[in-house]
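Every heavy atom of this structure was used, including side-chain atoms; hydrogens, water molecules and symmetry mates were not.
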Amino acid sequence: GDSVTQTEGPVTVSESESLIINCTYSATSIAYPNLFWYVRYPGEGLQLLLKVITAGQKGSSRGFEATYNKETTSFHLQKASVQESDSAVYYCALVPDTNAYKVIFGKGTHLHVLP
Amino acid sequence: ETAVFQTPNYHVTQVGNEVSFNCKQTLGHDTMYWYKQDSKKLLKIMFSYNNKQLIVNETVPRRFSPQSSDKAHLNLRIKSVEPEDSAVYLCASSHGDWGGANTGQLYFGEGSKLTVL
C-alpha cells in the first residue's frame with residue numbers, strides 16, 4: 001500500500017550543525033505521488049513546510065531543502081546549519097492519488113537543537 | 001495564526017461513554033478532515049468531507065461518526081469509547097481544488113487529546 005518511512009527520532013544536533021532527516025515512500029496508486037514535509041513547532045498546529053509535485057525537483061523553505069528522487073523513492077529533508085528555533089516534529093507525507101482527498105503521513109521525527 | 005479551531009483540547013472519560021469533538025475553520029475551505037494520532041505518533045486519516053459530502057471513510061469502527069452542518073464545521077462523535085480510542089484527534093481543512101496547485105496542503109488545528117480510562 002501507500003506509506004512513508006522516515007528517520008526514527010528523537011534526533012539531537014547542536015546549533016549550526018547540518019541536518020538530514022531521511023524519508024522514503026511507497027506509492028501503489030500512482031507512479032509519482034506529490035511529496036511534502038510538514039512541521040509541528042511546540043504549541044502550534046501541524047503546518048506545511050515544503051512540497052514537491054514533480055520528480056527530480058527540489059523544494060525549499062526556511063533554509064530546509066528536499067529533493068524528489070524517483071529512483072530511490074526518497075525525499076530527504078536537509079539543512080546546512082540548524083538553529084534552536086528549528087526544534088520541532090517533522091513529518092514526511094505524500095498524496096497517493098490526486099483524485100483521493102487524503103494525505104498519508106510518516107510517523108514524524110522529533111528534532112532537538114541544542115544551543 | 002490559528003484558523004482551524006478544535007474543542008475541547010483535552011478530554012478524559014471512561015470506557016463506554018460518548019464523546020464529541022468539534023472543529024471549525026475560518027479559511028473558507030471546502031474540504032475538512034479528521035486524523036487520528038495514536039501513541040506511536042502515527043497520523044492516520046479517518047474521514048474527509050468535501051462540501052458537506054463524505055468522500056473518504058477509512059476503516060474506522062462504527063462507533064466513530066463524523067457530522068458536518070456546513071462547509072466550515074466538521075464534528076466527530078465517538079459513541080461508547082474504548083481504551084484504544086485514546087489518542088490525539090486532529091482536524092484539518094484544505095482548498096477544494098484537490099488535484100490543483102493546493103493538492104495536499106492541509107491546515108491543522110492544535111488537536112484534541114482523548115484519554116479513556
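Environment of CD in A:Glu15: crowded, with over 12 heavy atoms of neighbouring residues, nucleotides or ligands closer than 6.0 Å. Other residues, nucleotides and ligands contribute more than 12 heavy atoms inside 6.0 Å of the CD atom of B:Glu84.
Nearest heavy atom pair, residue A:Lys51 against residue B:Gln105, reads NZ-OE1, 4.2 Å. Between B:Glu58 and A:Lys102, the closest heavy-atom pair is OE2-NZ, 3.3 Å. Contact detail for B:Leu42 and A:Phe105: the closest heavy-atom pair is CD1-O, 4.0 Å.
Within the 4.5 angstrom heavy-atom criterion, no atom of B:Gln6 approaches chain A. Proximity to chain A (any heavy atom under 4.5 Å) is shown, for B:Tyr49, by neither the backbone nor the side chain.
With rounding to the nearest 0.5 Å, the separation of CD in A:Glu44 from CD in B:Glu110 is 8.0 Å. Remark: B:Lys41 NZ to A:Arg40 CZ distance equals 8.5 Å, nearest 0.5 Å. Annotation: the span from A:Leu46 atom CG to B:Leu43 atom CG amounts to 6.5 Å, rounded to 0.5 Å.
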**Asked** A:Leu48 and B:Tyr107: side-chain contact (heavy atoms from CB on, under 4.5 Å), yes or no, with the steps?
**Response** CA-CA 8 Å; A:Leu48 181 67; B:Tyr107 296 77; over 6 Å; no
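Hydrophobic clustering (ILVMFWY, side-chain heavy atoms < 4.5 Å, transitive): B:Leu74 and B:Val60 are in one cluster. Under the 4.5 Å side-chain heavy-atom criterion for Ile, Leu, Val, Met, Phe, Trp and Tyr, B:Tyr89 and B:Val4 are members of distinct hydrophobic clusters.
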Just distance, no hydrogens or angles: give the donor-acceptor pairs under 3.5 Å from side chains in residues 87-96 of chain A, sequence neighbours left out.
| unit_1 | atom_1 | unit_2 | atom_2 | d |
| --- | --- | --- | --- | --- |
| A:Ser87 | OG | A:Glu84 | O | 3.0 |
| A:Ser87 | OG | A:Val113 | N | 3.0 |
| A:Tyr90 | OH | A:Asp86 | O | 2.6 |
| A:Tyr91 | OH | B:Gln37 | NE2 | 2.7 |

